[in-house]
2 protein chains.
Amino acid sequence: MNIGDVASRSGLPAKTIRYYEEIGLIQPDRTANGYRSFCEADLHKLAFLGRLRALGFSIEDCRTLMALYEDEARASADVKQVAQQHLERIEAKIQDLEAVRATLSELVDSCAGDSRPDCPILKNLSGD
Amino acid sequence: MNIGDVASRSGLPAKTIRYYEEIGLIQPDRTANGYRSFCEADLHKLAFLGRLRALGFSIEDCRTLMALYEDEARASADVKQVAQQHLERIEAKIQDLEAVRATLSELVDSCAGDSRPDCPILKNLSGD
DNA sequence: CCTTGACCTTCCCGTCACTGGAAGCCCCGT
DNA sequence: ACGGGGCTTCCAGTGACGGGAAGGTCAAGG
């Protein structure tokens, strides 16, 4: 398979696949003409990476999880720990965003939103 | 005031303040020796920017809001629109993160997290 | 008067995970 | 033989800074 094939089959852009090779997440073969040559296992890995990234795992987490994925002697506890930590980061981020949403929501509601210049949003944010 | 003073009084790092000058958000004076010289209005603007950034507004939004803040003839509707759009982006992001949280949470719960290699997390994410 | 140390300046590189684009090779169909 | 699409590498840019180097400036202490 050429890169275009794995790109369409994995849903990842070709650019991203080249980048993943560059940083060592995958090691596709090369044909005589210099083209990358992907096997089914490569495709499988790329799909795996795509799902990890869609869940917001960092590239470093992906590297760790990929190593665990390929390690037949892994302990599931190691996988769980990475996922758990990521879950905690996600939950913290949700909390932050909810605080922002609450503040913004109040500000938006407090503003008439008409043609007059008086604006409680600016008033509040500029320090009263 | 030198940059160190406004940094500690605004809570923004000096690096950030220089950056804000570089991109035109503020225009502090200079003294004869080349040092930036900030007035109270500059400090006020920086505090304003700090609050906007803490709410997650982009620099471009900050630029717009700063212009509206300085425009005595603004319409509050323009301010409200910027805030409203940002609120919508925040809400969309919260939704995304909550979907991720739900998925991750299920995965984490499904994994025994012991010394054995069997891992529903990897199984699920690698495509069953 | 000299030095020390804290402050200031600019400049350049690094972050993270790509994305866009240029220049050039390769392969297939007509 | 040629045109068009796909492939290659390399370089630059993204957003919003942060780290650190090299060097100028200022106030206080010896």
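We name chains A, B, ... by the order of the sequence lines, and we start the count at 1 in each one.
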Counterpart residues, side chain to side chain contact (heavy atoms under 4.5 Å, CB included), relative to B:D118 (two or more places apart): B:R116
Any residue of residues 41-56 of chain B with a heavy atom less than 4.0 Å from an atom of DNA chain D: B:R53
Close side-chain approach of A:R36 and A:R18, heavy atoms under 4.5 Å: yes
Side-chain donor or acceptor of B:S126 paired with backbone N/O of B:L122 under 3.5 Å: yes
Distance (rounded to the nearest 0.5 Å) between A:H44 NE2 and A:Y69 OH: 3.5 Å
Which residues share a salt bridge (Lys or Arg N to Asp or Glu O under 4.0 Å) with B:E22, sequence neighbours left out: none
Pair A:R101 + A:E106, salt bridge at N-O below 4.0 Å: no
DNA chain C: 5'-proximal contact among B:G4 and A:F57 (nearest heavy atom): B:G4
Hydrophobic cluster identity match, B:L25 and A:L125, side-chain contacts under 4.5 Å: yes
Sugar-phosphate, base or nothing in reach of A:I23, heavy atoms under 4.0 Å: nothing
Any donor-acceptor N/O pair, B:S10 side chain to B:V6 backbone, under 3.5 Å: yes
Test salt bridge (Lys or Arg N to Asp or Glu O under 4.0 Å) applied to A:E70 - qualifying residues, sequence neighbours left out: A:K45
From A:L55 atom CG to A:I90 atom CD1, the distance as rounded to the nearest 0.5 Å: 8.0 Å
Interatomic spacing from OG in B:S8 to CD1 in B:I3 - rounded to 0.5 Å: 11.0 Å
Please set out all donor-acceptor pairs under 3.5 angstrom arising from side-chain atoms of residues 91-100 of chain A, sequence neighbours excluded.
none

Straight-line distance of A:R63 CZ to A:L52 CG, nearest 0.5 Å: 13.0 Å
DNA chain C contacts among residues 9-20 of chain A, heavy-atom distance under 4.0 Å: A:P13, A:K15, A:T16, A:Y19, A:Y20
Polar pairs (N or O, both sides) under 3.5 Å between protein and nucleotides 23-27 of chain D?
residue: D:dG24; atom: N2; partner: B:Y35; partner atom: OH; Å: 2.9
residue: D:dT25; atom: O4'; partner: B:Y35; partner atom: OH; Å: 3.4
residue: D:dC26; atom: OP1; partner: B:N33; partner atom: ND2; Å: 3.0

The helix from C:dC1-D:dG30 to C:dT30-D:dA1: angle between end helix axes, five pairs per end, rounded to 10 degrees: 30°
Reported CD1-to-CG distance for the pair B:I121 and A:L65, which is rounded to 0.5 angstrom: 8.5 Å
Separation between CD of A:Q27 and CD of A:E21, rounded to the nearest 0.5 Å: 8.0 Å
Heavy-atom contact window of chain A on DNA chain C, given 5' to 3' at under 4.0 Å: C:dA17 to C:dC27
Partners meeting side chain to side chain contact (heavy atoms under 4.5 Å, CB included) with A:S105 (sequence neighbours left out): A:D109, B:L87
Pairs meeting criterion side-chain hydrogen bond (donor to acceptor under 3.5 Å, both in side chains) with involvement of residues 71-81 of chain A, two or more places apart: A:S76-B:D114
Interface with DNA chain C, restricted to residues 61-69 of chain A and to heavy atoms under 4.0 Å: none
